[in-house]
Chemist: 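What follows is a structure written as structure tokens; I'll ask about it next.
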Amino acid sequence: MNHYKLPEQRDFEHRIAGKNTHLITLENSRGVVVALSDFGARIVSLLVPDKYGTPTDVVLGFSHIQDYLTADEQYHGVTVGRFANRIANGRFTIDGETFYIEPNNGPNALHGGAAGFHKRVWDRRVVYKEKADFYYVAADGEEGFPGKLSVMVKYRLTDNNELVITYRAQTDKPTVINLTNHAYFNLNGEGNGDVLNHRLQIQATNYLPVDEFQIPAGVPAPVEDTPFDFRTPKLIGQDIRYADDQLAKGNGGYDHNYILDTEVLAKKLPVATAVSPTTGISLDVLTTEPGLQFYTGNFLSGKDVGKRGQPYGKHGAFCLETQHFPDSPNQPDFPTTLLMPGEVFQSETIYRFSIVK
Ligand code: GAL
């Protein structure tokens with residue numbers, strides 16, 4: 001199999017909807033390299049030295065921008081918005097007015113609609129090797145959402161092997177917002193089979209069971225005595241094939257929002273940690289968001305072929321998407337996702353890498 005290498009800049013230079021696209025590379029002093037594209041303000045590659053010092057690409061993706069246009073829509077590495085995750089029936093109400101997002105996932109609106117932020121070419125401002133800021137202004141009514149929304153997503157790579165992602169947004173009318181990154185991680189290296197051998201810990205006592213359309217149904221449930229309990233580290237594969245109604249509703253795996261424990265959030269400790277026993281690469285996730293969608297790539301079908309020519313099959317990656325809870329605009333008991341004019345939306349997530357020997 002080929003070695004991991006960064007995609008070529010020229011293979012990401014293209015024109016989409018009248019705007020030029022680029023590949024931007026950040027690099028720290030410890031050999032971590034991140035490649036980003038302004039198409040979807042997305043992560044394309046993330047090279048991390050493994051326990052032998054060999055650069056290992058730990059995210060799924062493609063080596064040509066065209067592949068992102070023709071691949072199955074899996075949201076590879078993208079910034080998801082204006083509203084990450086599902087809105088039931090694509091409908092919600094603000095101040096008595098109902099808004100409608102065209103359903104693109106069964107009866108639901110998923111990830112901001114068919115032409116959400118992941119399909120947009122963002123403006124960019126880059127500080128050589130160190131950071132890249134992306135800007136996008138979503139029009140009032142775009143994909144059905146109210147309010148002109150100015151959004152900024154900043155990626156910064158530190159010498160502590162942290163990829164810090166900061167979000168900021170302002171609106172001119174009341175709207176709803178939920179932003180996340182949709183990187184597919186495989187800490188064994190992209191294309192190296194499934195992630196079932198990874199050890200995972202999630203600091204959540206409760207999660208949100210879903211209905212047949214993957215909308216949170218009713219009240220949060222304790223993870224205790226269910227396959228959803230990752231409070232003590234365990235292998236992703238340990239219980240994934242357990243005969244469990246919720247795993248079935250997740251299409252044969254995890255695809256659920258965890259309610260992160262508030263003490264862990266308050267102490268700014270990692271809310272999740274994943275470790276590959278083969279590479280020794282460990283990923284800590286830190287966030288200011290209250291929820292974490294843990295998704296085990298259940299819809300990856302093997303149809304898409306990645307950066308080194310390997311097909312991306314079921315469970316070939318996991319996503320740890322920091323966010324507010326799914327369908328919040330329709331669930332009054334959830335923390336609000338309303339953003340009002342004059343307010344500033346702010347959120348931060350850190351993906352931090354280290355080696356476990
Ligand atoms: C995830 C979502 C999954 C699936 C995936 C994209 O965020 O939870 O159900 O839609 O995105 O394929």
Side-chain angles (χ1 to χ4, degrees), residues 40-43 59-62 67-68 70-90 101-119 143 165 167 177-186 194-195 200 202 204 207-217 228 236 240 246-260 272 285 287 289-304 306 311-328 331 334 337 349 351:
R42 82 178 67 213
I43 302 172
V59 296
L60 273 49
F62 304 106
D67 297 335
Y68 284 98
T70 53
D72 258 2
E73 184 51 276
Q74 303 280 356
Y75 305 87
H76 281 287
V78 299
T79 296
V80 187
R82 173 179 315 202
F83 201 93
N85 218 313
R86 292 170 173 82
I87 297 178
N89 302 312
I101 320 301
E102 184 79 30
N104 58 341
N105 181 253
N108 306 318
L110 175 70
H111 292 337
F117 292 177
H118 62 292
K119 292 278 196 201
E143 292 299 293
I165 311 177
Y167 304 86
I177 185 168
N178 197 16
L179 301 179
T180 192
N181 181 276
H182 208 292
Y184 283 85
F185 292 103
N186 185 334
D194 67 49
V195 293
L200 177 69
I202 302 178
Y207 79 112
L208 292 168
V210 292
D211 69 12
E212 65 203 290
F213 300 119
Q214 291 186 267
I215 296 293
F228 291 83
I236 291 179
I240 201 170
Q246 281 299 314
L247 289 173
K249 289 194 165 103
N251 297 287
Y254 298 96
D255 191 2
H256 293 77
N257 218 270
Y258 281 77
I259 300 179
L260 296 169
V285 180
T287 190
E289 288 294 311
L292 182 74
Q293 184 84 6
F294 171 44
Y295 170 55
T296 44
N298 313 327
F299 293 112
L300 297 175
S301 65
K303 199 176 132 203
D304 287 335
Y312 291 149
K314 187 162 184 167
H315 307 323
F318 64 89
C319 301
L320 292 170
E321 308 160 37
T322 54
Q323 58 192 253
H324 273 58
F325 306 150
D327 196 37
S328 291
Q331 309 235 10
F334 290 173
T337 48
T349 289
Y351 292 124

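Both ligands and their constituent atoms are indexed starting at 1 by order of listing.
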Chemist: Working note: Phe185 + Tyr351, criterion ring pair (Phe, Tyr, Trp, His ring centres under 6.0 Å); need CA distance, chi angles, decisive distance, verdict.
Modeler: CA-CA 11 Å; Phe185 292 103; Tyr351 292 124; 5.0 Å; yes

Chemist: Determine yes or no for a side-chain-to-main-chain donor-acceptor pair under 3.5 angstrom, with His182 supplying the side chain and Val78 the backbone.
Modeler: no

Chemist: Got a sec, which residues hit side-chain contact (heavy atoms from CB on, under 4.5 Å) with Asn89, two or more places apart in sequence or on another chain?
Modeler: Pro107

Chemist: Do Glu73 side-chain atoms and Tyr75 backbone N/O form a donor-acceptor pair below 3.5 Å?
Modeler: yes

Chemist: Using only atom types and a distance under 3.5 Å, with no angle test, would you say the side chain of Asp211 pairs donor to acceptor with the backbone of Ala217?
Modeler: no

Chemist: Can you tell me which residues line ligand 1 if we count any heavy atom under 4.0 angstrom from one of its atoms, in chain and number order?
Modeler: Gln74, Tyr75, Arg86, Leu110, His111, His182, Tyr184, Gln214, Asp255, Gln293, Tyr295, Phe299, Glu321

Chemist: Mark yes or no for whether Tyr258, through its side chain, and Phe228, through its backbone, hold a donor-acceptor pair below 3.5 Å.
Modeler: yes

